[in-house]
Amino acid sequence: MPASVGHDAPVGHRTPVGHDAPLGHGAPVSRRTPADHLTVTVHDSGSAAANGTFELYCHPGGGNHRHIKGACAKLDGMTKWGKDPFAPVPQGVNCTMMYGGPATAHVTGTWAGRPVNADFRRTNGCEISRWGRFEPLLPSTRS
């Protein structure tokens with residue numbers, strides 16, 4: 001039976017870049033895992049320095065994101081087998097009717113070998129809580 005490597009591996013588990021992984025019988029085959037790379041675009045956060053488009057690379061960390069180490073660690077902790085950490089708030093969920101401000105964010109890229117295309121806003125209690133779970137990937141909007 002083939003070993004689990006690359007995109008076949010559980011979320012958060014992958015063959016390190018440049019390492020050989022046996023695939024069934026025969027000689028090992030070199031597999032390269034795509035880097036964990038996200039583009040984060042933030043608008044109306046209340047901080048001019050937090051607004052804009054930022055690149056985040058993890059494993060190894062890099063890019064121009066303001067909190068590379070913390071954002072990568074947060075995302076690693078949120079990554080679980082069979083769960084999409086970037087999933088939107090489910091439809092039909094009861095959320096408090098509160099407004100957290102005009103801040104919005106859009107996150108695209110690849111995380112744990114899976115494509116990411118997620119929108120964030122602060123339009124009700126559920127969305128505010130979801131935003132908070134992604135800090136420091138997303139900027140804090142607290143005063």
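Values below: every heavy atom of this structure, side chains too, minus hydrogens, waters and symmetry copies.
For residues 95-106, the side-chain hydrogen bond (donor to acceptor under 3.5 Å, both in side chains) pairs, not counting sequence neighbours, are H106-N117, H106-D119. Screening residues 126-137 for salt bridge (charged side-chain N to carboxylate O under 4.0 Å, His left out) gives R121-E127, E127-R130, E135-R142 as the qualifying pairs, with residues at least two apart or on separate chains. The disulfide (SG to SG under 2.5 Å) pairs that include a residue from residues 96-135 are C95-C126, where partners are two or more places apart or lie in different chains.
The side-chain hydrogen bond (donor to acceptor under 3.5 Å, both in side chains) search around T108 returns none, not counting sequence neighbours. Not a single side-chain hydrogen bond (donor to acceptor under 3.5 Å, both in side chains) links S47 to another residue, sequence neighbours left out. Residues passing the side chain to side chain contact (heavy atoms under 4.5 Å, CB included) test with N51 are V42, S45, sequence neighbours excluded. Scored by the salt bridge (Lys or Arg N to Asp or Glu O under 4.0 Å) test, E55 finds no partners at all (sequence neighbours excluded). The ring pair (Phe, Tyr, Trp, His ring centres under 6.0 Å) search around H37 returns Y57, not counting sequence neighbours.
Two residues are said to be in side-chain contact when any heavy atoms from C-beta on lie closer than 4.5 Å; D76 and W111 meet this criterion. Using a 4.5 Å heavy-atom threshold, the side chains of V116 and L38 count as touching. For the pair T39 and V107, the minimum side-chain heavy-atom distance is 4.5 Å or more.
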Please table the atom pairs, donor to acceptor, closer than 3.5 Å between any side-chain atom in residues 65-75 and protein atoms at least two apart or in another chain.
residue, atom, partner, partner atom, Å
H65, ND1, H67, N, 2.9
H65, NE2, L137, O, 2.8

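Between D36 and G113, the shortest heavy-atom contact is OD1-N, 4.1 Å.
Ring planes of F86 and F134: tilted class, angle from 30 to 60°.
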> Can W131 and T141 be said to form a side chain to side chain donor-acceptor pair (under 3.5 Å), step by step?
Replying inline: CA-CA 9 Å; W131 183 293; T141 59; 4.8 Å; no
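Other residues sharing a hydrophobic cluster with F54 under the 4.5 Å side-chain heavy-atom criterion for ILVMFWY residues do not exist; the residue is a singleton. I128 forms part of a hydrophobic cluster together with M98, judged by ILVMFWY side-chain heavy-atom separations under 4.5 Å.
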